[in-house]
Amino acid sequence: MIDSQAAQSASPLNLLACEGEYADTTAATGSWVQITDYAGYLIVLQAVGTISTGTLIGTIESASDGSGTGAATVHTFDTVTTSNDAPNVQRAVLPATIGNYIRYKGTLSAGTGDIAVTLLGSKRTP
């Protein structure tokens with residue numbers, strides 16, 4: 001029910017674009033994205049291709065501003081390994097009131113991975 005409500009007028013936004021392989025924690029971490037224009041629920045999709053070695057732990061963090069003030073993890077995706085990758089798609093459904101900003105943080109323990117993360121949500125009507 002929540003998924004269909006959010007998807008009815010969804011506006012997609014990339015939190016981490018898949019532009020090749022990511023090889024470390026910093027490269028697999030997106031920028032802070034303002035979500036104050038969204039209402040209801042947010043759907044975050046983590047899509048993972050091949051993980052060469054090790055594991056990927058993806059999280060969604062929220063903060064009060066675009067600098068990450070008061071950053072806190074609000075969702076942790078299931079761990080992706082070489083035995084459950086290619087493709088591995090997971091979703092998180094979060095209330096749009098979790099903070100003013102969110103970002104994706106991916107931690108690769110070793111090797112490289114193909115990762116894309118997308119935010120879907122309904123923008124507030126003026």
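Scope of the values below: all heavy atoms of this structure, side chains included, with no hydrogens, waters or symmetry mates.
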For this session: Return the minimal non-hydrogen interatomic distance between Ile51 and Asp85, and the atom names on each side.
Result: N-OD2, 2.6 Å

For this session: Check whether the side chains of Thr69 and Ser67 place a donor and an acceptor atom closer than 3.5 Å, and report yes or no.
Result: no

For this session: Using a 4.5 Å cut-off on heavy atoms from C-beta on, say whether the side chain of Ile60 contacts that of Tyr104.
Result: yes

Seminar exercise, completed: Rounding to 0.5 Å, atoms CG (Leu42) and OG1 (Thr97) come to a distance of 8.5 Å

For this session: Check whether any side-chain heavy atom of Asn100 sits under 4.5 Å from a side-chain heavy atom of Asp65, and report yes or no.
Result: no

Exercise. Do the side chain of Arg103 and the main chain of Gly68 share a donor and acceptor less than 3.5 angstrom apart?
Worked result: no

Seminar exercise, completed: Note: Arg91 and His75 closest approach over all heavy atoms is O-NE2, 4.3 Å

Exercise. How close do Phe77 and Gln90 get, heavy atom to heavy atom, and via which atoms?
Worked result: CB-OE1, 3.4 Å

Problem set entry | Distance in Å, Asn88 CG paired with Gln46 CD, rounded so as to fall on 0.5 Å steps | 7.0 Å

For this session: Look up atom CD1 in Ile43 and atom CG in Leu119, then write down how far apart they are to the nearest 0.5 Å.
Result: 9.0 Å

Exercise. Are side-chain heavy atoms of Thr55 and Leu108 found at a separation under 4.5 Å?
Worked result: no

Exercise. Under a 4.5 Å cut-off applied to non-hydrogen side-chain atoms, are Leu56 and Thr107 in contact?
Worked result: no

Exercise. Counting N and O atoms only, with roles assigned by atom type, does the side chain of Asn84 sit under 3.5 Å from a partner on the main chain of Val80, one being a donor and the other an acceptor?
Worked result: no

Exercise. Sequence neighbours excluded, which residues qualify as side-chain contact (heavy atoms from CB on, under 4.5 Å) partners of Thr125?
Worked result: none

Exercise. Do Val117 and Ile35 belong to the same hydrophobic cluster, where Ile, Leu, Val, Met, Phe, Trp and Tyr are linked whenever their side-chain heavy atoms lie under 4.5 Å apart, directly or via other members?
Worked result: yes

Problem set entry | Minimum-distance pair of heavy atoms, taken over all atoms of Gly111 and Ser52 | CA-OG, 3.3 Å

Problem set entry | Reported CZ-to-OH distance for the pair Arg124 and Tyr38, which is rounded to 0.5 angstrom | 11.5 Å

Problem set entry | Any side-chain heavy-atom pair of Thr76 and Ile57 under 4.5 Å | yes

Exercise. Within the side chain of Thr50, is there an N or O that forms a donor-acceptor pair under 3.5 Å with the backbone of Ala86?
Worked result: no

Problem set entry | Heavy-atom closest contact (Ala39 atom, Ala96 atom, distance) | C-CB, 3.9 Å

Exercise. In Å, rounded to the nearest 0.5 Å, how long is the span from OG1 of Thr59 to CD1 of Ile102?
Worked result: 11.0 Å

For this session: Can you see which heavy atom on Val74 is nearest to which on Ser62, and at what distance?
Result: CG1-OG, 3.4 Å

Exercise. Between the main-chain N or O of Gly49 and the side-chain N or O of Asp114, is there a donor-acceptor pair closer than 3.5 Å?
Worked result: no

